[in-house]
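Data first, discussion second: the structure below is written as C-alpha cells.
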Amino acid sequence: MDLFGRSYHLPHSPALRRSLGVSLVGLGFLGFLPVLGFWMIPLGLLVLSHDSPRIRRMRRQAAVKWARRGERKRPTPPR
C-alpha cells in the first residue's frame with residue numbers, strides 16, 4: 001500500500017487484513033481517548049479497501065477528486 005509517497009506492507013492474509021481494518025475503524029470511534037484517535041477511521045477504511053469493492057470504489061473516487069483539485073489550484077506558467 002502506498003500512502004503519501006511511502007510504501008507500507010499489509011498482511012497477506014485477507015482475514016488478517018479485514019480484522020486489522022475493522023479494529024482500526026472500531027477503535028477510531030474511541031478517538032476522545034488520549035492514545036486512540038479519529039485518525040484511525042480513515043486508516044482502517046484504507047486497509048479495508050483492499051478487500052471490499054465498495055470501499056475501494058470510494059477510495060478511487062476520492063483520489064480522482066484530490067487529483068483534479070490539485071490540477072485546478074496549480075498556477076499556469078506565464079508565456
Side-chain angles (χ1 to χ4, degrees):
M1 171 175 69
D2 292 330
L3 184 64
F4 298 118
R6 297 186 73 181
S7 180
Y8 299 96
H9 300 286
L10 291 175
H12 293 290
S13 167
L16 194 55
R17 276 194 309 264
R18 287 185 189 123
S19 63
L20 176 65
V22 169
S23 298
L24 283 168
V25 170
L27 291 172
F29 285 113
L30 300 174
F32 57 88
L33 296 174
V35 176
L36 306 174
F38 295 112
W39 58 268
M40 297 172 80
I41 296 172
L43 184 63
L45 290 175
L46 187 67
V47 171
L48 285 173
S49 72
H50 286 276
D51 294 321
S52 172
R54 182 180 301 167
I55 299 174
R56 185 179 317 125
R57 191 175 312 115
M58 290 174 18
R59 176 179 51 98
R60 288 181 180 166
Q61 288 173 351
V64 168
K65 279 185 183 179
W66 277 98
R68 287 182 181 161
R69 176 184 251 182
E71 288 175 0
R72 196 174 29 184
K73 289 188 177 181
R74 193 173 302 143
T76 57
R79 292 184 180 191

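Numbering of residues begins at 1 and proceeds along the displayed sequence.
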Show me the side-chain donor-acceptor pairs of residues 53-61 shorter than 3.5 Å, one per line, residues at least two apart or across chains.
| residue | atom | partner | partner atom | Å |
| --- | --- | --- | --- | --- |
| Arg56 | NE | Ser49 | O | 3.2 |
| Arg56 | NH2 | His50 | O | 3.2 |
| Arg59 | NE | Ser49 | OG | 2.9 |

Side-chain donor-acceptor contacts of residues 14-41 below 3.5 Å, not counting sequence neighbours, with atom names and distances?
| residue | atom | partner | partner atom | Å |
| --- | --- | --- | --- | --- |
| Arg17 | NE | Asp51 | OD1 | 3.4 |
| Arg17 | NE | Asp51 | OD2 | 3.2 |
| Arg17 | NH1 | Pro11 | O | 3.0 |
| Arg17 | NH1 | His12 | O | 3.2 |
| Arg17 | NH2 | Asp51 | OD1 | 2.8 |
| Ser19 | OG | Ala15 | O | 3.2 |
| Ser19 | OG | Leu16 | O | 2.9 |
| Ser23 | OG | Ser19 | O | 2.7 |

* To do: Give every residue pair that meets the salt bridge (Lys or Arg N to Asp or Glu O under 4.0 Å) criterion with at least one member in residues 28-38, sequence neighbours excluded.
  => none

* Structure fact -> Contacts satisfying salt bridge (Lys or Arg N to Asp or Glu O under 4.0 Å) that involve residues 19-43 (not counting sequence neighbours) are none

* Structure fact -> Residue pairs passing the salt bridge (Lys or Arg N to Asp or Glu O under 4.0 Å) test with at least one member in residues 27-47, sequence neighbours excluded, are none

* To do: Can you tell me which residue pairs pass the salt bridge (Lys or Arg N to Asp or Glu O under 4.0 Å) test with a partner in residues 33-44, sequence neighbours excluded?
  => none

